[in-house]
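Quick notes on the structure that follows.
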Amino acid sequence: MGDYDHRSIEAKWQRFWEERRLFYAPRDARRPKYYILPFLPYPSGDLHMGHMRNYTIGDAVARCKRAQGFNVFHPIGWDAFGLPAENAAMVHKTHPRTWTLKNIARMKEQLRLFGFGYDWEAEVSTCEPEYYRWNQWFFLEMLKRGLAYRKKSRVNWCPRCQTVLANEQVVEGCCWRHEETPVEQRELEQWFLKITHYAEELLADLDKLAEGWPERIRLMQRNWIGKSDGARVQWAVAGSDKLITTFSTRLDTAYGAVAVLLAPEHPLVNELIAGLPGSAAIARKVGVLRQQTRRAQVTGEVEKEGIFTGRFAANPFSGDQVPIWVSNLVLMEYGTGAVQAVPAHDQRDFEFAKKYRLPIKVVIQPLATKPLAASAMQQAFTGPGRLVDSGPYTGMPSEKALEKMMDDLARKGRAEPVTLYRIKDWGISRQRYWGTPIPVVYCNACGIVPVPEEQLPVVLPLEVEFTGVGLSPLLNVPEFINTSCPKCRGKARRETDTMDTFIDSSWYFYRYLSPHHDTAPFDPDLVRRWFPIDQYIGGAEHAVLHLIYLRFWTKMMRDLGLVDHDLAVTRLFNQGMVIKDGAKMSKSRGNVVSTDEMVEKYGADTARLFTLFAAPPEKDMEWTQAGVEGCQRFLQRLWRVISKHAPRLRPVSPNPASRPSPLGEDERDLLRKAHQTARRVTTDFDSRWHFNTSIAAIMELVNELYALEPLEETVSPPVLKEVFDMAVLLTAPFAPHLAEELWQQLGHPQSVLETPWPQTDPELAREEECEIVIQVNGRVRSRIRVSEELPDSEVLEQALADPRVAGLINSQRIAKTVVVPKKLVNIVLAS
RNA sequence: GCGGAAGUGGCGGAAUUGGCAGACGCACAGGACUUAGGAUCCUGUGGCCGCGAGGCCGUGUGGGUUCGACUCCCACCUUCCGCACCA
């Protein structure tokens with residue numbers, strides 16, 4: 001037996017798997033399918049530990065499912081468009097395409113060296129015209145149905161990316177790629193996808209995902225969609241025919257309104273203050289408020305302030321005239337940009353009222369606690385209660401009043417019920433080069449004209465210059481820009497914005513099934529056969545980005561008649577982060593461990609094993625060198641014990657029929673341990689994915705093998721072979737190369753990949769004896785070993801007869817006894 | 001502020017349903033083998049007291065339920081994550 005040499009073993013089996021095409025999933029097989037998928041990686045050029053962890057989890061599950069008889073489809077591809085390629089092009093004087101393809105080649109090699117079992121025949125690169133032409137096709141379909149539209153609006157602009165960002169790509173007022181760079185607001189003409197059309201459905205479906213999606217993600221999405229039921233209410237401006245429309249979810253507090261507040265950007269502001277005494281000063285103040293960035297307002301960098309316009313509006317219920325203020329408390333982007341201010345029952349209004357000495361009018365009294373007095377209030381009361389001082393509604397419970405007041409005002413045509421969502425339509429225009437061209441042209445005569453479907457793809461020109469300054473390089477490509485109008489043949493200009501790359505990743509998993517299909521985005525028969533995806537695996541950072549977009553895309557495709565399902569992903573798994581020295585591994589922190597070095601020095605099997613052993617996969621894991629070495633030690637131990645005995649076991653059949661009868665003691669113990677291990681590992685795969693405990697179980701089995709050495713003396717070859725086979729097959733999802741090598745040493749002609757998952761024999765796994773803990777007054781005082789079958793009464797008898805226990809009981813009266821079968825006896829003494 | 005997750009030896013973690021707390025690994029200590037050991041194998045290893053048998057304490061803190069609580073209930077503390085003027 002030679003030493004365990006991970007280099008030669010891993011290379012050997014990687015070649016073997018490739019040559020035999022062992023990871024190809026026959027698309028039309030009759031076996032039950034299992035579609036397992038990692039998030040689409042961005043080809044940054046280096047496989048990092050986060051990727052590695054993601055893929056190790058998926059590959060272990062894929063290999064186990066495969067052994068359990070499933071037709072496993074486990075593809076991967078490349079999120080190949082995106083800004084980093086463009087930045088790299090400027091820095092390294094290369095082309096984004098060259099840079100991207102080189103990175104893909106390198107990362108593919110890295111994946112290969114880890115031995116991940118992907119079906120490479122499904123590979124997709126989103127930067128290929130063959131792929132992105134379908135982005136364009138989808139866009140045109142959406143355009144036809146009004147799901148894509150163009151409008152001028154205030155959008156998020158990242159000065160470093162030099163492009164627009166979707167709301168989902170803004171994190172705490174900053175760019176998701178540049179967390180220190182505040183996002184600016186710009187007024188631009190942009191293309192939008194109408195994700196809000198599906199807001200209600202996307203929200204409702206979260207309940208259907210309760211089984212398979214993490215609670216955390218569903219909650220984040222629920223907040224993001226942000227449904228809110230309320231009413232639009234009209235307030236008549238005194239001395240004018242203007243109406244102000246407010247939005248409120250608490251119409252029941254309307255009698256407590258002491259002001260109407262307008263957002264500084266509200267379109268009526270200028271009109272209202274025009275011509276009033278002091279209007280110049282008011283306008284100046286409004287101007288200051290308008291200058292404040294959204295970020296400054298949200299983070300509290302600027303104070304909440306406001307200014308009285310000098311005008312009044314009539315409360316639609318009471319007719320009371322209340323002052324109209326302009327305040328940065330109110331956001332133009334949400335609701336109607338105008339609100340009723342009810343200091344007694346809204347905390348923000350309360351603080352505003354205190355600051356400007358507005359009255360506080362209590363109109364809801366709590367049911368349980370003592371009545372509120374406006375003068376004594378320290379904060380707003382926002383709970384439900386009974387109405388007071390509210391005209392005809394006085395005395396009603398607030399929930400009921402809300403409905404009644406809504407109805408009454410609606411009947412008068414002064415209010416309408418409305419449901420608002422926080423989610424906004426998805427802005428997809430990017431002023432960048434390396435992305436999918438948006439397939440429209442601008443014609444002076446015809447306006448916006450979609451590129452006809454048969455002219456797709458609109459190919460991204462490769463001959464461009466990267467100056468690094470200004471806007472998209474596409475603006476300097478006249479051959480691309482100048483075109484003729486598909487309608488009137490006249491001169492026209494192409495759209496130079498490209499699509500957000502989150503579009504690429506919204507549907508790639510459909511394309512995997514037929515990556516070269518050229519009459520539709522995918523082959524519908526294959527999609528019917530393989531969808532939904534059984535298991536999706538990736539990090540939580542995409543909770544309200546990719547994971548909400550993909551749900552939208554499936555709905556849209558359903559409405560296009562392309563698929564007949566609502567949900568593309570039934571189960572989602574979020575793996576934890578990889579931590580080193582107490583912080584997330586990242587280049588900027590300088591605590592990155594290179595995956596290449598890991599493979600080179602310790603081997604892919606060791607790296608994979610450690611990744612799964614260090615922590616359960618959903619939790620963050622700490623990467624430690626010592627831990628990696630421990631895992632390598634374990635693989636060496638496994639290697640040594642099996643290699644040592646393998647030569648004489650090669651011809652031996654592990655058939656249960658050839659076991660000696662009766663079994664010797666060591667044989668029984670070993671078989672029991674092996675079958676218990678198989679049961680534990682199988683349970684971990686089938687239920688909770690806690691592979692750290694699976695691996696611990698296999699380690700225990702190996703420890704047992706060492707403890708019984710020399711094995712040849714007390715364990716007959718058929719039994720030893722059976723136990724070794726089991727140990728190897730159970731290890732295979734975690735350390736597949738080593739498993740193949742040992743499997744071959746044990747004389748098996750076929751690959752582990754062609755071998756079914758080991759079956760647990762419950763009879764062999766059964767313990768014959770168990771240890772019973774004997775407690776006296778809840779404290780462990782002794783232990784006895786008894787047969788599993790011994791009835792409770794006899795267990796109790798033996799416990800009472802135990803000398804130590806008997807001594808403790810002495811002559812005291814026994815108040816109570818508890819017997820837990822196979823576990824414990826508790827004797828409670830009367831005190 | 002709101003919502004979520006978590007808190008167990010020197011460290012990573014285990015305890016599937018209220019029933020032996022600390023599996024497995026790391027680190028450390030002792031031993032065997034050895035010219036040597038940073039290889040391998042074996043043994044030990046939560047804290048305190050005790051020569052020992054053994055005893056006491058111990059799962060963030062304080063209460064509670066129970067024969068019995070890491071596990072269930074109440075209150076609180078800490079950490080991480082997400083959301084945060086959403087009217």
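Naming convention: chains lettered A, B, ... in sequence-line order (proteins, then strands); numbering from 1 in each chain.
- Checking A:Asp620 against A:Phe613, the closest nucleotide of RNA chain B that is more toward the 5' end is the one next to A:Asp620.
- For A:Asn826 against B:C67, a side-chain N or O and a base N or O form a donor-acceptor pair under 3.5 Å.
- A salt bridge links A:Asp207 to A:Arg222: at least one charged side-chain nitrogen sits closer than 4.0 Å to a carboxylate oxygen.
- Residues A:Thr245 and A:Ala338 come closest through the heavy atom pair O-CB, 3.4 Å.
- Summarising the base pairing, B:C11 is matched to B:G25 through a Watson-Crick or G-U wobble pair whose two defining distances lie under 3.5 Å.
- Residue contacts shown for A:Gly630 are limited to sugar-phosphate atoms, with no base heavy atom under 4.0 Å away.
- Mapped onto RNA chain B by nearest heavy atom, A:Ala615 and A:Lys424 fall at different nucleotides, with A:Ala615 at the one closer to the 5' end.
- For a distance-only test at 3.5 Å, the side chain of A:Lys304 qualifies as a donor-acceptor partner of the base of B:C85.
- Cation-pi check for A:Arg637 over A:Tyr706 is met; the charged atom lies under 6.0 angstrom from the ring centroid and within 45 degrees of its normal.
- Nucleic acid contact class of A:Asn703 (heavy atoms, under 4.0 Å, all strands): sugar-phosphate only.
- The base of B:C20 lies close enough to the side chain of A:Arg783 for a donor and an acceptor atom to sit less than 3.5 Å apart.
- If you check the side chains of A:Arg250 and A:Gln340, you find no donor sitting under 3.5 Å from an acceptor.
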